[in-house]
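Here is the structure we will look at, set down as structure tokens.
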Amino acid sequence: MSTAPSLSYADFYRQSLEQPEAFWAEQARLIDWFVPPQRICNWDAPPFAHWFEGGQTNLCHNAVDRHLAARADQAALIAVSTETGSEVVYSFAQLHREVQRMAAALQHLGVVKGDRVLIYMPMIAEAAFAMLACARIGAIHCVVFGGFASGSLASRIEDAQPKLIISADGGSRGGKAIAYKPLLDEAIALSAHKPDAVLLADRALAPMTRVDGRDHLWSDLRERFIDAQVPCQPMESTEISYTIYTSGTTGKPKGVQRDTGGYAVALAASMKHIFDGRAGETFFSTSDIGWVVGHSYIIYGPLIAGMASIMYEGLPTQGIDGQPNGAIWWSLVEKYKVTGMFSAPTAVRVLKKQDPALLKKHDLRCLRALFLAGEPLDEPTARWISDGLGVPIIDNYWQTESGWPILTLANAVERQQPRFGSPGIPMFGYRVKLLHEATGEELTEPNQKGVVCIEGPTPPGFMQTVWRDDARYVKTYWQSVPGKMVYSTFDWGIRDADGYYFILGRTDDVINVAGHRLGTREIEESISGHPMVAEVAVVGVADALKGQVAMAFAVLKDASVAGDAQASMKVEGEIMKRVDGDLGAVARPSRVRFVTVLPKTRSGKLLRRAIQAVCEGRDPGDLTTLDDPSALEQIRQRLAGA
């Protein structure tokens, strides 16, 4: 079977659905196998898909070892921190040595295949060494975002039951040190499960007290195992590579469990066909290893593709010298000849407030595309960055659960035009459907609004199950659509006449105004089209008369307008009129309040539920992922001054 780039994407996609065994057998040749797969897909017990059964491989081998023969001296990991002013380039050979030292340290601390290792670290090279070392020896890594609050960290320690925790003295954000060790010690005290050992990287950012017999310094063990040689552990394709936690509606953490072989193949295929990643080039994802994008497209994906990967600690507006620099990312693109860049719309909105001339300051001719994901990309932001960079801006839609994009454009198969506001079309292997929320009926006509669902078998790289809770996996994801066993993304979407999808927001982000059901995303899209609006959040707030009303909080490009009562009233009126014209009077927010920052997680997701809770006078609940606490306080103040 041919999967040559000369194939149209429609044919390529059709083959992946109609001839999945042949299609994925072909993709499986993109990685090294110690033992080739005996069965491509086992779908005998839906909804559990088992890919490449009988095959044995190793993620670390595919990311590091297999490149040594051809590109040992090529850059593999480029660790940049504008927080500490450091920039270190590791070749594949150097990365290979560092990973073996870390693997030897893990083994010395009692870690064996199948053990869990929880990684609670900032964006430093040692975190990459730790992830790859776990994969090397067959340990299951569980990365928790560095700086996560003790209570949330404790619940993850209890659920994962790690033998070892790897951490650091601290991280840094905007030049301000964040001490990790006290948070970690408190989390371990709160957790019923206690790790046997803690391994610590000391960056000299924050003081830390070590616990005798439990805590070990990475610098000591690195020196001890400086010449260590640790072979890659052959892993069954279906064995667990890692777990990563995602938000759930209950208090119990939800550990997304990923396999080994399917994930390696999915990443290799996505780097080739979607991200157009070529060995010897450089990829720059601005995400964090605490999130799935960091796993897939900072650590494993680019390295599997034989690329150098930039691992970045810092703000998008701060230079390596610690001074303000809104062009720092573009300077790295120029310096390291980045061909593919992956970021989030939130980061672009931050840059949108900078001088637009900064986009032209550096030579970006090496850059072939900017990929954006993590939240819906509004059209004004897409147009701004597209005009500024002059390269394709490719939105992509996926989830922690999927591991790689569900909807985007596979331009390396066939170049297609992006549509502003749309993440694109279904990717190979994904049987995407729009279903009616109440009846489960498939919606086949253009521009019908339904729940975005995926029919099984889910493709390689997709979550296997919820860690230690198959029943929760089935109940949460596969039994929410009446009469159908399909995977629900819990997102609303529509599909246009050409097959492009548009995501309208979470199914739980729906406002019911006097019987009219409105997606917050649709109202936000309308408001963000106002030329003075940088970004906006809309929530539904309980109302005695209408059931719910929409309330909007907007960040203006010119913050001084918000401080002028007359000017802000004028802009609010213009926004109301705009929503009236776009969506009708029923969608008009009851108020548009102006703030300087919106409450978001560190990964850039809007905390709409927290905003809604504050608006309704309720406790906003767990705010451990909140990036800037002052954001919610601003909303409280605006409401109080109403």
Side-chain angles (χ1 to χ4, degrees), residues 3 7-28 30 40-41 43 46-52 256 258-259 262-275 292-293 296-297 301 371 373 376 394-414 416 418-419 422-435 442-444 450-465 473 477-478 480-481 484-496 498-503:
T3 56
L7 214 59
S8 76
Y9 180 73
D11 287 341
F12 187 77
Y13 177 67
R14 196 177 304 112
Q15 283 183 346
S16 77
L17 300 192
E18 293 177 0
Q19 305 167 51
E21 303 270 330
F23 180 89
W24 286 109
E26 176 91 1
Q27 303 309 316
L30 294 171
I40 301 300
C41 181
W43 183 240
F48 301 97
H50 304 283
W51 286 95
F52 309 114
V256 168
R258 197 89 65 210
D259 72 355
Y263 186 54
V265 171
L267 292 184
S270 65
M271 286 304 300
K272 179 178 180 180
H273 304 305
I274 298 172
F275 297 103
V292 70
V293 173
S296 294
Y297 298 113
F371 300 88
I394 302 172
D395 194 3
N396 56 113
Y397 163 80
W398 47 299
Q399 302 178 314
T400 304
E401 291 86 347
S402 71
W404 60 287
I406 298 169
L407 302 170
T408 186
L409 300 177
N411 276 347
V413 178
E414 179 190 14
Q416 292 172 299
R419 295 200 178 169
S422 167
I425 58 180
M427 285 298 95
F428 45 94
Y430 286 103
R431 302 168 191 272
V432 182
K433 308 282 182 186
L434 283 177
L435 301 182
E442 185 175 354
L443 306 175
T444 55
V451 181
V452 179
C453 295
I454 300 167
E455 285 185 349
T458 47
F462 206 89
M463 73 184 293
Q464 289 180 298
T465 185
Y473 175 59
Y477 294 106
W478 292 86
S480 70
V481 177
K484 295 269 179 82
M485 185 181 259
V486 290
Y487 173 92
S488 175
T489 64
F490 300 102
D491 280 313
W492 293 112
I494 58 172
R495 181 181 54 240
D496 70 13
D498 298 319
Y500 283 71
Y501 282 72
F502 295 78
I503 302 299

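One is the number of the first residue; the rest follow in order along the sequence.
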Which residues share a ring-ring contact (aromatic ring centres under 6.0 Å, His included) with [X], sequence neighbours left out:
X    : answer
Y263 : Y242
Y500 : none
F52  : W33
Y430 : W404

Give me the atom names and distance for the closest heavy-atom approach of [X] to [Y].
X    : Y    : value
N396 : P405 : OD1-CG, 3.6 Å
A269 : Q27  : CB-OE1, 3.7 Å
V452 : T489 : O-OG1, 2.7 Å
S402 : W398 : OG-CB, 3.3 Å
I40  : P20  : CG2-O, 4.4 Å
W24  : P459 : CZ2-CB, 4.2 Å

Check: G461 main-chain N/O paired with R258 side-chain donor or acceptor under 3.5 Å: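 At least one qualifying donor-acceptor pair exists.
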
Test your reading of the model: is there a side-chain donor-acceptor pair from S296 to the backbone of G403, 3.5 Å cut-off?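 A pair under 3.5 Å: yes.
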
Could you state the interatomic distance from [atom1] ([X]) to [atom2] ([Y]), rounded to the nearest 0.5 Å?
X    : Y    : atom1 : atom2 : answer
Y13  : E18  : OH    : CD    : 10.5 Å
R431 : T458 : CZ    : OG1   : 10.5 Å
S16  : E26  : OG    : CD    : 13.0 Å
L7   : E414 : CG    : CD    : 9.0 Å
E455 : L435 : CD    : CG    : 7.5 Å
Q19  : R14  : CD    : CZ    : 10.5 Å

Taking C-beta and beyond as the side chain, do [X] and [Y] meet within less than 4.5 Å on heavy atoms?
X    : Y    : answer
P423 : I503 : yes
P426 : L407 : yes
V451 : W492 : yes
I274 : K272 : no
F462 : P457 : no
F371 : Y297 : no
Q399 : V256 : no
L409 : I425 : yes

Can you tell me if Y477 and E401 form a side-chain donor-acceptor pair at under 3.5 Å?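 Yes, side-chain donor-acceptor contact under 3.5 Å.
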
Hey, can you tell me if Y487 and W478 have their rings parallel, tilted or perpendicular (30° and 60° cut-offs)?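 Perpendicular, since the angle between the ring planes exceeds 60°.
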
Those residues that, when tested against E442, pass salt bridge (Lys or Arg N to Asp or Glu O under 4.0 Å) (two or more places apart):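 Salt bridge (Lys or Arg N to Asp or Glu O under 4.0 Å) list for E442, sorted by chain: K433.
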
Would you please name every residue forming a salt bridge (Lys or Arg N to Asp or Glu O under 4.0 Å) with R419, sequence neighbours left out?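 So R419 forms a salt bridge (Lys or Arg N to Asp or Glu O under 4.0 Å) with D496, D498.
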
Do F12 and F23 have ring centroids that are under 6.0 Å from one another?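 Ring centres of F12 and F23 closer than 6.0 Å.
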
